Amino acid sequence: SLCNYPERICHSDWNEPVDYKGTPETGYIACDFFGGSLAGIIEKLSYLEEFGVDAIYLNPVFKARSNHRYDTGDYEEIDPILGDTEDMKALCQEAKKHGIRIILDGVFSHTGADSRYFNLLERYEEIGAVQAVKQNIYSPYSSWYDLKLIDGELAYDSWWGFEELPNIKEQDLSYQDYITGEEGILKKWLDLGISGWRLDVSDELPDSFIRALRKRVSQENPDAVVMG
C-alpha cells in the first residue's frame, strides 16, 4: 500500500538494479524505493552515537512522488513510506537521548507539480493552482505560482525547467505566512522536536524570505540552526 503510486518501483532486494531510464511516457522520475524508515533510523542511533555522530541531516521527508522528495507534495505530512508525524517525534526524542539532533531539509523555492498546492495530476482533493486556472475557480494556492493558460495549454515557471518542480513566488504573503508564520511549517516541525533546517538552493531564495524564516526559527528555538 505504501507503493500506491503506479510509477513507484518498490524493490524487495537491495541488490536489484536501479531504473535510471524511466518509461517513454514519463522519462526518468526517480521513483525507485529500497525501503528504510524513520523507525529504522531509531534502531541505529546507538550505532551512530558510537562513532561520534551528533547531528543527522535528513533529505526531504515530506510526502512526495519521487524518492529524493525535492518535489514536495505536502509540507504537513511525512511520506507514509518513511512513517508518520509520531515517528518523527519519536526519532527526535530518542536521538536527543543519544546526544544527536535532527535537521530537516526545507525545500521552499519550489513544490512538486504533484502536490496539494499545484495538483497537476489531480491526486489531491484540494483545489490546486492548476484547477483554479483551468476552471476559473478559487484556490488559496494560486498566488504562489506563475501559472497561466495559453491556447488551452498550461504554462508555468519551473525550477531550472523541470516541469515536475513548479517555482514558488517566495515573497507571496500567503506563502510566506504558510511557511514562516505563527502557525507555519517551520514552527510545526520545530515544535515536534527538530533542531533546525537546511535550506535547499538557499542562494535562490529572496533575502526577505530568509530573514523571515530565520526570525521565526530563532523565535521558536534560539538554539536551532539554519544552514544553506
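Being a predicted model, the structure only gives us computed values, none of them experimental.
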What about [X] and [Y], same hydrophobic cluster or not, with Ile/Leu/Val/Met/Phe/Trp/Tyr joined at side-chain heavy-atom distances under 4.5 Å?
X	Y	answer
Trp14	Val18	yes
Val201	Val61	no
Tyr175	Leu205	yes
Leu38	Ile185	yes
Tyr47	Leu45	yes

Close side-chain approach of [X] and [Y], heavy atoms under 4.5 Å:
X	Y	result
Gln135	Ile127	no
Ile103	Ile56	no
Ile102	Leu91	yes
Ile41	Leu58	yes
Thr111	Pro166	yes
Asp32	His11	yes
Ile29	Glu7	yes

[X] versus [Y], closest heavy-atom pair with distance:
X	Y	result
Asp79	Ala64	OD2-O, 3.3 Å
Asn167	Ser109	OD1-O, 3.5 Å
Glu77	Pro80	OE2-CG, 3.9 Å
Ser202	Gly228	OG-CA, 3.4 Å
Gln131	Ile137	O-CG1, 3.7 Å
Ala132	Ser142	CB-OG, 3.2 Å

Gap separating the [atom1] atom of [X] from the [atom2] atom of [Y], nearest 0.5 angstrom:
X	Y	atom1	atom2	result
Glu50	Ser46	CD	OG	7.0 Å
Glu49	Ile100	CD	CD1	6.0 Å
Lys134	Leu120	NZ	CG	7.0 Å
Leu165	Thr72	CG	OG1	9.0 Å
Leu199	Ile210	CG	CD1	6.0 Å
Asn15	Phe34	CG	CZ	9.0 Å

More than 12 heavy atoms from other groups under 6.0 Å of CG on Asp203 |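 Enclosed.
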Lys44, NZ atom: more than 12 neighbouring heavy atoms under 6.0 Å = no
Under the salt bridge (charged side-chain N to carboxylate O under 4.0 Å, His left out) test, which residues partner [X], sequence neighbours left out?
X	result
Asp105	Arg198
Arg116	Asp74, Glu76, Glu126
Asp54	none
Asp19	none

Side chain to side chain contact (heavy atoms under 4.5 Å, CB included) between Glu16 and Ile9: does it pass, once the steps are laid out?
-> CA-CA 11 Å; Glu16 284 178 22; Ile9 305 165; 5.9 Å; no
Does any pair with a residue in residues 147-156 pass salt bridge (charged side-chain N to carboxylate O under 4.0 Å, His left out), and if so which ones, sequence neighbours excluded?
->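 Only Asp146-Lys148 qualify under salt bridge (charged side-chain N to carboxylate O under 4.0 Å, His left out).
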Which residue pairs pass the salt bridge (charged side-chain N to carboxylate O under 4.0 Å, His left out) test with at least one member in residues 155-182, sequence neighbours excluded?
->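 Checked against salt bridge (charged side-chain N to carboxylate O under 4.0 Å, His left out) - neighbours excluded - no pair reaches residues 155-182.
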Run through Leu104, Leu213, Val226 and flag the one making a side-chain contact (heavy atoms from CB on, under 4.5 Å) with Leu186.
-> Leu213
Test side-chain contact (heavy atoms from CB on, under 4.5 Å) applied to [X] - qualifying residues, sequence neighbours left out:
X	result
Glu220	Lys187, Leu190, Asp191, Arg216
Ala30	Tyr28, Ser66, Asn67, His68
Ser195	Arg101
Ser218	none

Looking at Tyr70 versus Trp159, is the centre-to-centre ring distance below 6.0 Å?
-> no
Would the Tyr145 and Tyr117 ring centres measure less than 6.0 Å apart?
-> no
Stepwise side chain to side chain contact (heavy atoms under 4.5 Å, CB included) test for Asp87 and Leu82 = CA-CA 9 Å; Asp87 292 316; Leu82 299 177; over 6 Å; no
Asp114 with Arg8: basic N within carboxylate O range, under 4.0 Å = no
Look only at the side chain of Asn119 and the backbone of Arg123, and say whether a donor-acceptor pair between them is shorter than 3.5 Å.
->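 Yes, because the side chain of Asn119 sits within donor-acceptor range (under 3.5 Å) of the backbone of Arg123.
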Any residue meeting side chain to side chain donor-acceptor pair (under 3.5 Å) with Trp160, in chain and number order, not counting sequence neighbours | Glu204
Go through the structure and list residues passing side chain to side chain donor-acceptor pair (under 3.5 Å) with Arg211, not counting sequence neighbours.
->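 Side chain to side chain donor-acceptor pair (under 3.5 Å) check on Arg211 returns nothing, list empty.
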Identified ring-ring contact (aromatic ring centres under 6.0 Å, His included) counterpart of Trp189 within the set Phe62, Trp197, Tyr75 | Phe62
If you measure only the distance, is there a donor-acceptor pair under 3.5 Å linking the side chains of Gln171 and Ser208?
->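 Gln171 vs Ser208: donor-acceptor pair found between side chains.
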Over 60° means perpendicular and under 30° means parallel, so classify the ring planes of Tyr178 and Trp144, tilted if in between.
-> tilted
According to the interplanar angle, ranging from 0 to 90°, do the rings of Phe118 and Tyr156 count as parallel (below 30°), tilted (30 to 60°) or perpendicular (above 60°)?
-> perpendicular
